[in-house]
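Presented below is the structure to which this report refers.
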Amino acid sequence: MGFASKVWAIVAKDLSAELHTREMVSAMLVFAAIALLVFSFALDLQGRTARAAAPGVLWATVAFAGTLGLSRSLAREQNNGCMDGLLLAPVDRSAIFFGKALGNLIFIGVVELALLPLCAALFEAPLLQPQVLLVVVLGTVGYAGAGTLLAAVAVNTRAREVLLPVLLLPLVVPALIAAVKATSWLLDGGTLAEVTGWLNLLIAYDLVMLAVSMLTFEYAVSE
């Protein structure tokens, strides 16, 4: 079995488990929808002011809902003994990391697909455009990679629900700032060429986070 087949086998296992229980994505969707509604009613903005607030609200909601899913993803593996089984299997640790990270990326992506139309409607912002979707994908890749590594670190601690956001959110601040800035610029009528600097920062962040996470994942899951 090749590297890609091993990665996909882990992704398929996670997708099958989620389709069976529907506990992780459902919780993320409910949290994200409630958070958006709270932001919308609390800020009570309209027109250009609402559109200006949309990028910050969108990415804050994605970050918090994503943290909820990342914590649950690794905790489920730990509680069921699946992580021990994966580590005992003759599978490279990097394949386990990419399988878990890709699964988390898909789950967060599903939540974002539901979040974007709702945020666009509540904040009167044209978020459903290809340029914004590209920023969303680039911002989510690095977030899922770093989050998978830190969730593996936190899952073996007693205070894992508290430790994960404390470790993760400061680490993803550069990606969140770049994503918010690029999204804001695009919503103001800017083009991709005008946000090249922010896109390059997101791409560099994704590559660095994936490389560091892949190289250190073995130490993170070691007893």
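Residues take their numbers from the sequence shown, with the count starting at 1.
For the pair Lys6 and Asp92, the salt-bridge criterion is not met [side-chain N within less than 4.0 Å of a carboxylate O].
With side-chain heavy atoms closer than 4.5 Å counting as contact, directly or through intermediates, the hydrophobic cluster containing Val162 also holds Val166. With side-chain heavy atoms closer than 4.5 Å counting as contact, directly or through intermediates, the hydrophobic cluster containing Ile34 also holds Val30, Val38.
There is a path of hydrophobic side-chain contacts, each under 4.5 Å, that joins Leu102 to Ile96. Under the 4.5 Å side-chain contact rule for hydrophobic residues, Leu105 and Leu19 do not share a cluster. By the criterion of side-chain heavy atoms lying less than 4.5 angstrom apart, applied directly or through intervening Ile, Leu, Val, Met, Phe, Trp or Tyr residues, Leu113 is not grouped with Val132; the two fall into different hydrophobic clusters. Leu210 and Leu207 fall within the same hydrophobic cluster, where Ile, Leu, Val, Met, Phe, Trp and Tyr residues are linked whenever their side-chain heavy atoms come under 4.5 Å apart, directly or through other members.
For Tyr143, the side chain to side chain donor-acceptor pair (under 3.5 Å) partners two or more places apart in sequence, or in a different chain, are Thr67. Here Lys13 pairs with Glu77 under the side chain to side chain donor-acceptor pair (under 3.5 Å) rule; sequence neighbours left out.
Counting heavy atoms from C-beta outward, Leu167 and Leu163 have side chains that approach closer than 4.5 Å. Annotation: side chain of Gln129 is in contact with side chain of Leu187 (closest heavy-atom distance under 4.5 Å). In this structure, Leu133 and Leu116 have side chains that are in contact, with non-hydrogen atoms separated by less than 4.5 Å. With contacts defined as side-chain heavy-atom distances shorter than 4.5 Å, the pair Trp185/Thr191 does not qualify. Residues Arg51 and Pro126 form a side-chain contact, since some pair of their non-hydrogen atoms from C-beta on lies under 4.5 Å apart. Residues Val91 and Phe3 are not in side-chain contact: their nearest non-hydrogen atoms beyond the backbone lie 4.5 Å or more apart. Inter-residue side-chain proximity for Val62 and Leu176 is flagged as unmet; no heavy-atom pair is nearer than 4.5 Å.
Here the closest heavy-atom approach between residue Pro170 and residue Pro165 is recorded as CD-O, 3.8 Å. Contact record, Val11 with Gly99: CG2-O, 3.4 Å, taken as the closest heavy-atom pair. Between Gly47 and Glu124, the shortest heavy-atom distance links the atoms N-OE1, 3.2 Å. The minimum heavy-atom distance linking Leu186 with Gly190 is given by the pair CD2-O, 3.5 Å. Minimum heavy-atom separation, Val153 to Ala220: CG2-CB, 3.7 Å. Closest of all the heavy-atom pairs between Trp198 and Ala182 is CB-CB, 4.0 Å.
Here Lys100 contributes atom NZ and Ile10 contributes atom CD1; the two are 8.0 Å apart, rounded to the nearest 0.5 Å. Here the CG-CE distance, from Leu149 to Met209, works out to 8.5 Å after rounding to the nearest 0.5 Å.
Note on residues 17-32: pairs passing salt bridge (charged side-chain N to carboxylate O under 4.0 Å, His left out), not counting sequence neighbours, are Glu18-Arg76, Glu23-Arg72, Glu23-Arg76. Residue pairs meeting the ring pair (Phe, Tyr, Trp, His ring centres under 6.0 Å) criterion with at least one member in residues 80-134, sequence neighbours excluded, are Phe97-Phe217.
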Open item on the list: Pair Val172, Trp59 - check side chain to side chain contact (heavy atoms under 4.5 Å, CB included), show working.
Closed with: CA-CA 11 Å; Val172 297; Trp59 282 103; over 6 Å; no
